Amino acid sequence: MQSSNEHRAGAESGPDGAVGERAGAPGDVAEAPAHPGYDDPWYDALAAGWGEPAPGRPRPEKAPTVPASREPSPREPRRADADVYTQVQRSAAFQEVRSRYRGFVLPATAGFLLWYVAYVVAATTAPGLMARPVTGAVNVAMVAGLGQFLTTFLLTWAYARHARLRRDRAALQLRWDTQELARGARGGAA
């Protein structure tokens with residue numbers, strides 16, 4: 001793969017010669033561009049400390065400027081939105097959704113971390129137990145290690161199911177109400 005510097009400098013491309021030139025094609029006017037490269041205004045803009053333009057190319061007179069950002073909007077709509085979100089955060093519906101979330105996530109996280117730490121502690125402090133064969137070449141450590149993967153997938157499934165059955169509908173309704181309140185606070189603007 002060619003670097004952009006090689007491409008700009010006119011590296012060979014194929015059997016016919018330099019980039020932009022084709023020799024011997026009937027009906028073609030062989031005009032080489034004034035400067036081989038791209039028609040991108042940012043192409044020659046160098047980052048700080050990144051070399052010089054390709055040989056034979058003039059250095060840009062002035063670096064391209066970044067267009068100014070739009071004027072900041074008045075503070076009132078932002079303040080109104082902040083008030084709406086504060087009001088929603090204090091609402092009973094939001095507290096219920098957060099309570100349902102915490103009611104699943106905190107015990108599930110604690111249980112999984114306890115299971116993980118028990119596995120690590122058993123592997124380091126009880127190597128005889130972990131080396132005990134279960135069947136053939138499979139030992140307790142292998143079964144417990146695969147159990148870590150299995151519990152990860154089961155926990156993911158349980159979280160998705162809990163969210164779908166106990167939180168998603170309430171959270172979607174809360175989101176809809178929040179958007180309506182914010183739209184009303186902005187004076188009906190979309």
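It should be emphasised that the depicted structure is a prediction, and the values quoted were computed from it without experimental measurement.
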Sequence neighbours left out, cut at 3.5 Å: what donor-acceptor pairs do the side chains of residues 160-172 make with other protein atoms?
residue, atom, partner, partner atom, Å
His162, ND1, Arg167, NH1, 3.0
Arg167, NH2, Tyr159, OH, 3.0

How close do Val143 and Val134 get, heavy atom to heavy atom, and via which atoms? CG2-CG2, 4.1 Å
For a quick test of reading the model, state the closest non-hydrogen atom pair linking Met142 to Ala137 and the distance between them. SD-O, 3.6 Å
Listed once per pair and sorted, the salt bridge (Lys or Arg N to Asp or Glu O under 4.0 Å) pairs that draw on residues 126-141, sequence neighbours left out: none
Partner set under side-chain contact (heavy atoms from CB on, under 4.5 Å) for Asp177, not counting sequence neighbours: Gln173
Is there a path of hydrophobic side-chain contacts, each under 4.5 Å between heavy atoms of I, L, V, M, F, W or Y residues, that connects Leu174 with Leu181? yes
What donor-acceptor contacts under 3.5 angstrom involve side-chain atoms of residues 88-99, with partners at least two apart or in another chain?
residue, atom, partner, partner atom, Å
Ser91, OG, Val88, O, 2.7
Ser91, OG, Phe94, N, 3.3
Gln95, NE2, Gln89, O, 2.6
Glu96, OE2, Arg100, NE, 3.0

Taking only residues two or more places apart in sequence, or in another chain, which ones meet Val121 in a side-chain contact (heavy atoms from CB on, under 4.5 Å)? Val117, Thr125
Joint hydrophobic cluster, Leu146 plus Leu129, side-chain heavy atoms closer than 4.5 Å: no
Which atom pairs, donor and acceptor, lie under 3.5 Å between side-chain atoms of residues 148-157 and protein residues at least two apart or in another chain?
residue, atom, partner, partner atom, Å
Thr151, OG1, Trp115, NE1, 3.1
Thr151, OG1, Gly147, O, 3.0
Thr151, OG1, Gln148, O, 2.9
Thr152, OG1, Gln148, O, 2.9
Thr156, OG1, Thr152, O, 2.9

